[in-house]
Structures are given as C-alpha cells and as structure tokens.
Amino acid sequence: MGEKGTAVVAGSISRGTEVGIVAASAVVPMTFTRSLSERTWLDQGLITGLATGAHFVLTVVAQDAVDIVGEAAATTLPFPSSWSDEQRRRAAIVLTDMAIVPLGFGVVAIIGYRDNESNVRALIRQAGWRFAVTGTLASLLSAGQASLGLLDRAVHADGRIQRLPIGIPIGLATSLAVERWRQRDTPPDQIADPARANPLLGLAAGAGVVATLGGLAYAESWMSRQLATVAGRVLPGSEATWRRAMHGVTLLGLAYGTHALWNVAMHRIEAGTTSYEEGMDDSASGVWTNPMVSGDPASLVSWEGLGREGRRHVITYVRPEITPEMARDFQGHELKDLSISTVMQEPAKATPIAVFVGLDNAPTARERVDLALAEMDRTDAWSRSLIMLISPTGTGYVNYVATAVAQYLTLGDVATVTLQYSKRPSPLSLGKTKGAKEQNRLLWLRILERVRSMPVEDRPKVVVFGESLGALTSQNPFVDWGTVGPEALGIDRGLWIGTPAGSTWRQELLGPDRPDVDRSAFAVVNDYEQFRELPEEERAKVRYVLLSHDNDGVTKFDAGLITHRPDWLGDRRPRMEEVPGRSPRGVPASMRWRPMTTFFQLLVDMKNAQIPGAYRAWAHDYRPDLPEFIRDVYGLTCTPEQMTRIKQACQEREEIRESVFT
C-alpha cells in the first residue's frame, strides 16, 4: 500500500464518490432488463438516469458510514508501527469494507423475503443488502486499484497507470457477470424493444437526466456557499455554520417555488376541463340530451356545471331507438343506428337514466350528494331494475363501454349515478381520494337507506363500477371492512378494472387471512376466460371481480417496490401465456426485482400502460373485456348473438367517440 500511489488516486474525489461511481456503473446494464412494457429510448433514459442517480447517492452514504467506522478502528487494529496514520486509516477502511459483506448478506439471509411483510422488516433487509453490496464493490475497487499500483511500479509508469479510472469498468463487468448468472436458466425474450434496439440513445438520455440532476445539485450548493460567505462576513457565526443554514434556506426556497409552479400548473389543467368540442356548448343541452339525463333543460343539474367529461358522458347514452327527427350527424361525423332496439333486436324497456353531478354543480360533497338524490327522484331511478354506481377517474371520465353494455343488456332499464371529485388527471388527483371516499360513502348510505325502505320485490339491484383511480375511490369506502364492506353499504355486485396497486382494500383481500374477508366472494383475474376457468360452483359465489391485466403497470406500481419484492415477482409469479383476443397472462420470465431500479421501471410501465391506443384488451385498456364481465358479474343475460352485436356496437361507438372527442 504505497502512500504516494494512494494519495495520487484519492486526491481528486472522495472514497465514497469512487465507490458510488462503481455502483452507478453496475446498475446501468440492469436498467435495460425487461419489465412489463416496451420502452422508447427516452423512457430508457429516464429509468437509467434516475436509477443510477439513486444508487449513487445511497452508495455514497453507505460508504461514508463505513469510512467512519474504519477510521474509528484505525487506532485500535494491530497494524505495523511503521505505517503512517493515512496508511492505517486506508487499511482499516478496506478491512471494514470486507467485513461488512458477510454481515450485510447475513442480515439478508436471516430476514429473508416474505409476502405482505412489514416496512420495518423490509428496511432492515435493504440496509443489510445496501451495506453488503457497497462493501463488495468497494473491495473490488480496492483490489483493482492495488493491481494497477503494482503494475504501475513494475513498469515504472510514474503513476500514469494507477491514475486510470477503473471504477466504471469494474462496475460494468460485475453487473454483467451477476446478470448472466441470474438469467442462466431463463429463456431469451422474444420482443422488439426500441430501447434495446437503440441502447446508445437510452444511455445518452440517462446521462442527460444525471447531468440535469447534478447541475441542479451543484447550483443549489453554489448558491448556499455564496449566501453563507456573505452572511459569515456581516453576521455572527462561522461560515461553516451559515453554509448549513443557507443550505436549508435554499431548499426551502426551492420547495416554495416548486409548490407555486405546481399550483399554477394545476389551475391551468383544471381550466382545461371547461374547454369543449364544437357543438358541446350551452346550445347542446336539449339537443343531445333528454329528460332522463343530467344537464337537460328538465334536469336539476345544470349543463354549465357538468364540465367536459360530464357533458360527454350524458350525451353518449344509448338511445332506445332512432327516430326520424333525431340528428344523424355530429360535427360532420355520421352517426350510425346503434340504438338498443337495433343492436338487441328487441324493443327497449326504457330510456337509460344517467345522473352525473359535476364538481362545479355544488360546492360541497354533501350538497353534491343531495343533488344526485334529488335527480334520482326526478327521474324515478328507483324504479329501474339496476342502479349502477360509478366512481370516475380523476378528470371525471366514465368508461363509455361499461355504461353502454349495461344499457344494452338491461334494454335501457338502468340508472347510472356518478359524482365527480376532481378535474385533474388521475396521477395528479391522488390528493383528492379522501374526499372522494367520503362523498361516495355518503351517497351509497343514502341510497341504501332509500332502497331498504322499498318493498323487497320492488328493490333494484345496486352494483358498483370503477376504473383506475375510480376503482380505488370506489373501494376506499370498504377499507377495514374486507368483503363485509360492500354488503354493509348495500352493494350487491362490484366490478373494478385496472385497480391501482395502492388500493388498501385490494391489499386486504389479497393479504393474510382476515375474519372479515370471504375469499369465495371475490376473484382477481386477467381475462374473461380465466374467470370462466373457475369451477362453476366457485364462480357462482363470486360477487366482486377485480379485472387486472398482468401487463398493466397501474396495477403493479407502488412505493413498496423500493424495498419490497412483490409476490408477482417471487416464486408465485404468473406464467406467461397468450390468450387470443385478450391481454397476455403472466410476467416475463426474465423480469427480476431490483431495489430502486424496478421502482423506476414500473413507473415508466405505469405511464406507458395509459397511453391511448387501438381498441384492444392490453395493459390499462379494458374496453373489449367489459361486455362479458358486465353481463356475468352483474347477473344480466343475453343470447350469444346479442353479445356478438353488443361487442361490435361498442367498438363502433368507440371509433365514433374518438373521432368526435379529441
């Protein structure tokens, strides 16, 4: 351990930074591994940049902690008396790095992996893993640097060889070796992923992300130093003290600025929900509506307060029949005859009722509930055979296929009831879910009260439907009640599609056994055929169905991925299987859980799952799945020929809708 050589290498950057570079380099190849969706090179850059940045920071922190322990031990370890303090310190740190490897991996082995484990358990295991990996990479780096030092002295290179930056090659070589071993028994993936086809673009984008984050960190540090220098000259206290204080002030200023920009962005997004397509202005009420839907001149709910999604929802109800006086085109788009009587080949029983109360129709949740109930009274929704309670997504969007299928199957004898709780896209509406829960629970309790007051033979069937964030907000009223929750609120049947992984009620159903969870009462499936594969006796007991595609990132992504290996990436992972006309089952065999990295991969998968595309069952698009599920879960009936026509009609309606609503 030549003192001169180590000083040359260490003169530029700290030991923690050196090891952090090795760790970041080791992560890079793993960020290109398979996850649930295909990625663009920009997606890959985001994953690579964020994952390498996160691992770099965590490794630097871990190595700094190891250095503190090593420096403390340097004075007590029996090193040769001829060694300098610096030599003793470096040797003690190397020994500490080596000692922490078996200790860290020992913690991982003792803790192990369990489904539904506590956060404390997961954090302890991850701390052990982080220190073990840090010690391993630091030991490899020390060995590499020592080898370069020997070679440098052997050829008299005067430090030129020893100064070579070997951290990145060591990290990459280690990663490739580990990954090859982990995937030794895994068949190759047969996918054409743009990110894999253009890895250099992904790496460049990743470098851009890292450079941006590094630039922001440098700017914050520079500003703190400048402010501290000024404060140290004119105010009491040392410059070091003021540097720490100004660091906090700078971060607070950054947080305030970010908060202000967030508010401006949210106001602009919400303002966008009041922009309408041509023909959807105030003149549309009474032309494209009828007295059985909200927003009509006869309605208690004003057209003005419905918002964009509310207006779209109420005008797209399925007409019982097409009469000569009805308009045949909308904004120049020809409207086909897809009425109930035409598609079902039998007369409609009634005009579907569509109650929708927008966020701007009443200022408080209680007033919106009162308005919805008054609208149900006005339309006599209580006389319908089916009341379908729908919690929309963040913007207020209601799945058009779900409502159309129910209207077809009941021949119009249905009332849908929807309360809006946000005007923002779902990822930006997570802060609105508590209010949505309280609003839904109040409405459903009031409906339960009314239904229970009716003669048994006259009571309608009450069902729930929710998609994406709407699934979460319509499940939240049942939290802590398991499958007893829906029963207590008078819900006869429930269908949820694309339930976010963060749904607490979903976790209750799928977690350890609970006395309030009847496992025979619910099913979680990828497709209709999988549901039909349940034994008939078991299927007859199912009242609540969670339809979740295995490749839907929304149903898989949550913060627990940072520290927890999910069960669907463990021994019970579903096997890959193609199902004609359905979203494929299973998880790619090569997909592995990797701390931090999997979190960022699934973040991108969640984003990609929600990108609008063709009418097909795939990722977060469940539209083609709905006809059979609506029929079976809600206990409705039709002939096979009628089901075929319903499917075709729903697809045609979606094509028209997408051409009209841009």
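Cation-pi geometry between Arg616 and Trp618 is met: the NZ or CZ atom falls under 6.0 Å from the ring centre, inside 45° of the normal. Cation-pi check for Arg631 over Phe629 is not met; the charged atom does not lie both under 6.0 angstrom from the ring centroid and within 45 degrees of its normal.
Going from atom CZ of Arg446 over to atom CZ of Arg441 covers 14.5 Å, rounded to the nearest 0.5 Å.
Of the options Asp527, Asp550, Asp552, a salt bridge (Lys or Arg N to Asp or Glu O under 4.0 Å) to Arg585 is made by Asp527 and by none of the others. Just one residue in the list Arg493, Arg539, Arg532 forms a salt bridge (Lys or Arg N to Asp or Glu O under 4.0 Å) with Asp632, and that residue is Arg532.
Without hydrogens or angle criteria, Asp605 side chain to Lys607 main chain gives no donor-acceptor distance under 3.5 Å. For Asp337 (side chain) and Ser339 (main-chain N/O), a donor-acceptor pair under 3.5 Å exists by modelled atom type. Remark: side-chain polar atoms of Glu467 are not paired, donor with acceptor, to backbone N or O of Trp496 under 3.5 angstrom. A distance-only check finds a donor-acceptor pair linking the side chain of Thr473 to the backbone of Leu469 [under 3.5 Å]. At distances below 3.5 Å, at least one donor-acceptor pair connects side-chain atoms of Asn608 with backbone N or O atoms of Glu38. Judged by distance alone, with hydrogens and angles left aside, the side-chain atoms of Asn551 form a donor-acceptor pair with the main-chain N or O of Ala619 at under 3.5 Å. Put simply, the side chain of Thr316 gets close to the backbone of Arg312: a donor and an acceptor are under 3.5 Å apart. In this structure, the side chain of Arg459 engages the main chain of Met454 through a donor-acceptor pair within 3.5 Å. Side-chain N or O atoms of Gln642 include one that pairs as donor or acceptor with a backbone N or O of Met344 at under 3.5 Å. Of the possible donor and acceptor atoms, one in the side chain of Arg319 sits under 3.5 Å from a partner among the backbone N and O of Tyr317.
The distance between the ring centers of Tyr634 and Phe465 does not fall below 6.0 angstrom. For Trp288 and Trp303, the ring centers are positioned 6.0 Å apart or more.
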**OP:** Would you sort out whether Thr504 and Gln507 count as a side chain to side chain donor-acceptor pair (under 3.5 Å), showing the intermediate values?
**Re:** CA-CA 5 Å; Thr504 303; Gln507 294 166 6; 4.7 Å; no

**OP:** Mind running salt bridge (charged side-chain N to carboxylate O under 4.0 Å, His left out) on Glu658 and Arg623 for me, showing each step along the way?
**Re:** CA-CA 13 Å; Glu658 290 172 353; Arg623 292 174 297 172; 2.8 Å; yes

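For the pair Ala501 and Lys556, the tightest heavy-atom approach, listed with the atom from each and the gap, is CB-C, 3.7 Å. In terms of heavy-atom proximity, Gly482 sits nearest to Pro486 at O-CD, 3.5 Å. When all heavy atoms of Gly466 and Ser474 are compared, the pair lying nearest together is CA-OG, 3.9 Å. Taking every heavy atom of both residues into account, Asp518 and Thr483 meet most closely at N-OG1, 2.9 Å.
Within a 6.0 Å sphere centred on CD of Glu449, heavy atoms belonging to other residues, nucleotides or ligands number 12 at most.
Between Lys647 and Glu628 there is a salt bridge, since at least one side-chain N of the basic residue sits less than 4.0 Å from a carboxylate O of the acidic one.
Taking the six-membered ring for Trp and thresholds of 30 and 60 degrees, Phe531 and Tyr528 have ring planes inclined between 30 and 60 degrees apart.
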